[in-house]
Amino acid sequence: MLLLFLSSFLFGLTHPLGAILVQDEDTLVFSCQFLAMLTVLQLPFVIPKWREIKKMTFKREFSLLLISGLIGTFLYWCEFSSLKVGLPISHVTFLLLTVPAWILLYEYFKGEGTKWNLNKWVLALIGSVILINPTRHGNFSVGYLLPIFTSLLTAAWLIYTKKSLEVGISPIVSSFFNDLFSLIGVVAFIFLNGREQSLNPPQNYQNILLYSAVIGVLPNLFLYYGLRRTHVLAASLMIMLEPVISGILSVLIHQEELGLNFLIGALFIAVSNLPTGFLIYMRRNYISLSKFY
């Protein structure tokens, strides 16, 4: 759990610092640069694992890595795009607290959950709707849905990341190929959009390199090693410290104001993340008090 906490803390720097780096950048191109840096930085750690890679088969290991890589393609693109849609960064980061709710919904449809899975998902959904309320930010934009879509992609990515670890892929190999396949997907979209001329070395490559190392490689490794002995739901709850840290830093760095819709929406999402046992206990006590009065 300590590794997951460290991962969450470093990931918490992603949005406040990322918002500065992508301010005048094309988010698709920035995603490409970021993923390219991640891939290069991890390469020295993956080469000693060539025997493990040689034993991997497409039907078993590579298929899972390809799926998680495809999810990562859209995940990084949506995540960086979310920082430019007009919502405050603190709103964007707290919307990612809905990740556990999506995992609960997934488990419910698998037949492994109860009605409380749906209750928590509904609470998270209500909180998300309140958070993207455009009252304080002008007219509603479809782009405001990007943070919610990012949380859905994050949940799917966590599920397939856990699956890849369960079949015996080591964390560094899983991390490397996830980022490599995500990079290939992003490059494919750049060519499909006719923007291949933008694939030039960035002028601020030192900043992106440092950002990729501290925000990308280190927390990813902590995450993969932490996931090995942790249930995916418990892991997602620990990882959700990231939006809390990110939201606090956004207020301090970007001087954002937290409105009433933020406080109410964040409260709904926070309640959706409480353990089911605690919610059941509170519900029973509320019913008991109602009968007493």
Side-chain angles (χ1 to χ4, degrees), residues 3-46 69 71-85 87-90 92-93 95-96 146-147 150 153-154 157 161 171-172 174-187 189-190 198-226 239-256:
L3 292 177
L4 291 176
F5 173 79
L6 292 173
S7 174
S8 300
F9 178 79
L10 292 176
F11 275 134
L13 303 175
T14 301
H15 292 162
L17 299 182
I20 298 173
L21 291 175
V22 303
Q23 189 172 11
D24 300 314
E25 296 286 341
D26 183 311
T27 52
L28 182 60
V29 174
F30 183 82
S31 299
C32 178
Q33 296 167 349
F34 177 65
L35 285 165
M37 295 284 188
L38 289 183
T39 305
V40 172
L41 285 168
Q42 293 176 91
L43 189 58
F45 301 99
V46 173
I71 294 171
T73 295
F74 294 98
L75 172 57
Y76 287 110
W77 189 2
C78 287
E79 185 171 13
F80 290 125
S81 297
S82 297
L83 302 177
K84 301 181 69 173
V85 297
L87 279 175
I89 298 171
S90 54
V92 173
T93 52
L95 283 169
L96 293 180
L146 273 172
T150 301
L153 288 171
T154 303
W157 181 77
T161 295
I172 184 60
S174 182
S175 176
F176 174 78
F177 279 102
N178 267 318
D179 292 335
L180 176 61
F181 291 143
S182 296
L183 173 62
I184 293 172
V186 169
V187 171
F189 273 105
I190 288 176
S198 61
L199 292 175
N200 297 316
Q203 293 182 348
N204 59 338
Y205 72 91
Q206 301 98 328
N207 293 336
I208 299 178
L209 180 63
L210 182 63
Y211 180 80
S212 302
V214 178
I215 306 301
V217 176
L218 278 179
N220 263 340
L221 290 178
F222 290 152
L223 171 64
Y224 281 102
Y225 279 102
I239 291 167
M240 284 307 102
L241 284 173
E242 172 199 341
V244 176
I245 295 169
S246 183
I248 294 172
L249 291 176
S250 298
V251 173
L252 295 176
I253 296 174
H254 299 278
Q255 305 298 312
E256 293 181 349

>> Nearest 0.5 angstrom please: Asp26 CG to Gln33 CD, how far?
In response: 9.0 Å
>> Ignoring hydrogens, what is the shortest heavy-atom contact between Pro219 and Ser7? Give both atom names and the distance.
In response: O-OG, 2.9 Å
> How long is the gap from CD1 on Ile215 to CG on Leu17, to the nearest 0.5 Å?
Replying inline: 5.5 Å
> With under 30° as parallel and over 60° as perpendicular, where do the rings of Phe34 and Phe30 fit, or are they tilted in between?
Replying inline: parallel
> Between Ser81 and Leu146, which heavy-atom pair has the shortest distance, and what is it?
Replying inline: CB-CD1, 3.8 Å
> If you look at every heavy atom in Cys32 and Leu183, which pair is closest and at what distance?
Replying inline: O-CD1, 3.5 Å
>> I'd like to know if the side chain of Ser175 and the backbone of Pro171 have a donor-acceptor N/O pair within less than 3.5 Å.
In response: no
> Quick one: CZ on Phe45 to CD1 on Ile172, what's the gap to the nearest 0.5 Å?
Replying inline: 6.5 Å
>> Does Leu38 form a side-chain contact (heavy atoms from CB on, under 4.5 Å) with Leu35? I'd like the steps, not just the answer.
In response: CA-CA 5 Å; Leu38 289 183; Leu35 285 165; 4.2 Å; yes
> Looking at CZ of Phe189 and CD1 of Ile184, how far apart are the two atoms once the value is rounded to the nearest 0.5 Å?
Replying inline: 13.5 Å
> What pair of heavy atoms forms the shortest contact from Tyr211 to Gly18, and how long is it?
Replying inline: OH-CA, 3.6 Å
> What are the two closest non-hydrogen atoms of Asn207 and Leu21, and how far apart are they?
Replying inline: CB-CD2, 4.0 Å
>> On a heavy-atom basis, which atom in Phe181 and which in Thr73 lie closest, and how many Å separate them?
In response: O-OG1, 3.9 Å
> About how many Å separate OH of Tyr76 and CD1 of Ile71, when rounded to the nearest 0.5 Å?
Replying inline: 12.0 Å
> Between atom OG of Ser31 and atom CZ of Phe80, what is the distance when rounded to the nearest 0.5 Å?
Replying inline: 5.5 Å
> For Glu79, which residues count as a side-chain hydrogen bond (donor to acceptor under 3.5 Å, both in side chains) partner, sequence neighbours excluded?
Replying inline: His15
